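Quick notes on the structure that follows.
This is a predicted model, so every value here is computed, not measured. By convention in this document, chain letters (A, B, ...) are assigned in the order of the sequence lines, proteins followed by strands, and residues within each chain are numbered from 1.
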Amino acid sequence: MRDSSEWHPTAFRTHTIGQIVSNGAELIGEQVSVAGYAETVRGRGAIAFIMLRDGTGHIQAFLKKDNMDDDTFIAVQSASRESTLQVTGNVAQKRPPKVAEGEPTPPPEYEINVTGANILSSAETPLPVGIIDDVNVGLDIRLDNRHLDVRRTHVNAMFQLRSRVLQYGRDYLISEGFQEINSPKIIASASEGGTNLFPMMYFDTPAFLSQSPQLYKQLAVLGGLERVFEIGPAFRAEKHDTYRHLNEFISFDIEGAWMNDEDVMGVQERMIHHIWSEIADNDQHLIDVVNEYRVSQGQEPVTVEVPELPFPRIPYCDAIEIVQKGGGEIEWGEDIESHHCDIIAAQYPGFHFLPRWPMSMKPFYIFHDEDETGSTGGQLSRGFDLNYGRDEMTSGGQREHRVDVLEQNLRNMGLEPADFTFYTDGFRYGAPPHAGWGLGVARLLMILTGAGNVREVVLFPRDRNRVTP
RNA sequence: GCCCUGAUGGUGUAGUGGCCUAUCAUGAAGCCCUGUCGAGGCUUCGACCCGGGUUCAAAUCCCGGUCGGGGCGCCA
């Protein structure tokens with residue numbers, strides 16, 4: 001749950017539930033108002049127990065018919081689950097529950113002896129999906145009812161973790177001098193070629209949704225912003241249907257001047273190390289919530305294992321050998337596919353970089369050194385991937401800053417340099433060598449939370465069959 | 001786009017031609033009891049994805065559709 005110890009009172013409450021839960025001893029006898037969802041409503045006689053939940057905790061509200069007017073008592077007692085309530089009353093220590101012989105007495109808990117209450121909003125019944133029900137719910141139904149699904153403690157915890165990951169990542173990059181930018185998501189032409197873009201009309205001009213901030217973050221660096229990062233959406237009109245692809249996803253991108261591929265791999269591994277360390281230090285309680293649910297479903301709990309630095313580097317040529325020795329069919333120049341990654345992951349189960357891919361497999365903006373060739377003589381590039389297990393997290397590299405080479409690369413890949421003048425012109429007036437990467441935020445979250453599907457860690461995922469809610 | 005697989009109350013499931021006016025859990029409505037606390041007890045409610053076909057008989061078999069799940073390709 002969220003730490004609300006510093007939160008201010010609002011129009012609807014004097015205290016958060018979390019404040020009372022953690023500070024109850026000092027509040028005993030004090031009159032407070034809290035607001036929350038009625039998780040359970042028990043009792044049909046002259047007393048009632050409401051388990052109230054807000055974003056900071058749970059607390060029991062105890063109602064005695066004698067302590068308030070009849071209408072209020074009846075209204076609250078007959079409230080449906082998940083209705084929102086505001087209650088006023090005195091903080092009291094809860095009577096300890098009956099415990100079995102020999103069981104330890106639980107620590108003191110607090111409750112609110114209600115004197116006044118107000119139903120803010122009644123929940124319709126039945127709920128489309130249960131919040132605390134002990135029934136597994138399919139992902140599709142959950143996503144249709146995401147507004148309720150997120151109320152579930154472990155789902156809520158996963159999104160808090162997501163926010164933390166972004167926060168720690170952002171903090172870290174700022175500490176290395178990166179500044180946050182925002183690039184346009186409506187663009188006139190393909191940023192990279194290759195993947196399909198979503199077309200749209202920009203007034204009377206055909207345009208597209210951006211597939212990547214790639215070219216724009218480079219222009220920012222060419223423009224002298226030195227080190228930049230962006231956390232923003234990317235759109236790809238690919239009809240893929242897997243646990244790790246979405247048609248709209250949040251990409252965590254950086255680009256830095258006077259850097260090569262090895263330099264930005266360093267930035268990346270330090271950033272990931274920082275994120276993992278901070279999560280381990282500050283947010284284990286969120287992981288615990290996720291694990292409580294996982295265990296109840298018969299799944300293995302996840303552990304936050306801070307990765308060691310540096311991450312292993314497995315150059316493409318070595319990776320090909322590993323796959324071949326592991327019985328995989330692959331030739332130099334072919335893509336390392338998922339089943340190949342399984343073979344590599346058997347040796348390198350955690351984070352590992354795959355640098356020095358063949359230039360023929362990399363986009364036109366990736367840098368290559370003519371002197372660097374692979375085991376079969378093919379031209380190598382300064383492009384790299386970061387994988388975790390079998391999954392690709394990142395694609396990055398040193399960028400081509402020589403405009404004549406850039407234009408030749410475009411022609412080699414069947415693209416027309418004239419269509420990219422908005423980009424290539426940026427290189428005509430002095431260009432620093434530079435490098436960068438793009439990281440899939442949801443894929444990183446999958447590792448941390450043990451989610452088996454990126455949709456779990458995206459609030460309102462957009463895939464080939466889903467545009468609502 | 002390809003391969004495999006599935007669709008039963010609000011939710012999750014059992015059910016492979018007649019034993020099914022369909023199982024269990026959860027839920028909802030109500031009653032009883034109760035300072036409860038995973039509360040408990042009782043009663044009631046609520047479902048075979050859509051369309052066509054085979055058959056004396058279809059939740060069950062066949063065809064088409066829609067939607068879902070798994071894998072692949074592509075990528076982050």
Scan [X] against the nucleic acid and name what it touches under 4.0 Å (heavy atoms): base, sugar-phosphate only, or nothing.
| X | result |
| --- | --- |
| A:Val137 | sugar-phosphate |
| A:Leu139 | nothing |
| A:Phe62 | base |
| A:Thr242 | base |
| A:Gly45 | base |
| A:Gln60 | base |
| A:Arg81 | sugar-phosphate |
| A:Gln297 | nothing |
| A:Thr394 | sugar-phosphate |
| A:Pro96 | base |

[X] with [Y]: basic N within carboxylate O range, under 4.0 Å:
| X | Y | value |
| --- | --- | --- |
| A:Glu82 | A:Arg151 | yes |
| A:Glu180 | A:Arg170 | yes |
| A:Glu238 | A:Arg464 | no |
| A:Arg356 | A:Asp318 | no |

Measure centre to centre between the rings of A:Phe49 and A:Phe62, then say whether the value is under 6.0 Å.
yes
Please give, in whole Å, the distance from [N] [atom2] to [X] [atom1]?
| X | N | atom1 | atom2 | value |
| --- | --- | --- | --- | --- |
| A:Arg464 | B:U66 | CZ | C1' | 14 Å |
| A:Asp66 | B:G35 | CG | P | 13 Å |
| A:His147 | B:G10 | NE2 | C1' | 13 Å |
| A:Asp335 | B:G73 | CG | P | 8 Å |
| A:Arg95 | B:U34 | CZ | P | 15 Å |

Given the [atom1] atoms of [N] and [M], what is the spacing between them in whole Å?
| N | M | atom1 | value |
| --- | --- | --- | --- |
| B:U16 | B:U60 | P | 12 Å |
| B:A57 | B:C19 | P | 14 Å |
| B:A14 | B:G53 | C1' | 28 Å |

OP1 or OP2 of [N] versus the side-chain N and O atoms of [X]: is any pair under 4.0 Å?
| X | N | value |
| --- | --- | --- |
| A:Thr125 | B:G10 | no |
| A:Arg390 | B:C72 | yes |
| A:Ser395 | B:A76 | yes |
| A:His240 | B:G1 | no |
| A:Asn465 | B:G68 | yes |
| A:Arg42 | B:A39 | yes |

Is a donor-acceptor pair below 3.5 Å formed from side chain [X] to base [N], judging by atom type as modelled?
| X | N | answer |
| --- | --- | --- |
| A:Glu238 | B:G1 | no |
| A:His245 | B:C74 | yes |
| A:Arg466 | B:C67 | no |

Nucleotide of B:A76, B:C75, B:U11 approaching A:Ile141 most closely (side-chain heavy atoms)
B:U11
Can you check whether [X] reaches [Y] side chain to side chain, under 4.5 Å on heavy atoms?
| X | Y | result |
| --- | --- | --- |
| A:Met265 | A:Pro355 | yes |
| A:Phe249 | A:Arg236 | yes |
| A:Ile447 | A:Trp276 | yes |

Measure from the ring centre of A:Phe49 to the centre of the six-membered ring in the base of B:G35, then say whether that distance is under 5.5 Å and the planes meet at under 30°.
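Check failed, A:Phe49 does not stack on base of B:G35.
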Taking the nucleotide of RNA chain B with the closest heavy atom to each, which residue, A:Lys239 or A:Gly138, is nearer the 5' end?
A:Lys239
Between A:Thr40 and A:Lys64, which residue's closest nucleotide on RNA chain B lies nearer the 5′ terminus?
A:Lys64
Under the rule of Watson-Crick or G-U wobble with both distances under 3.5 Å, where | means paired to another strand and [ ] a crossing pair, RNA chain B maps to (((((((..(((.....[.....)))((((((.......))))))...(((((..]....))))))))))))....
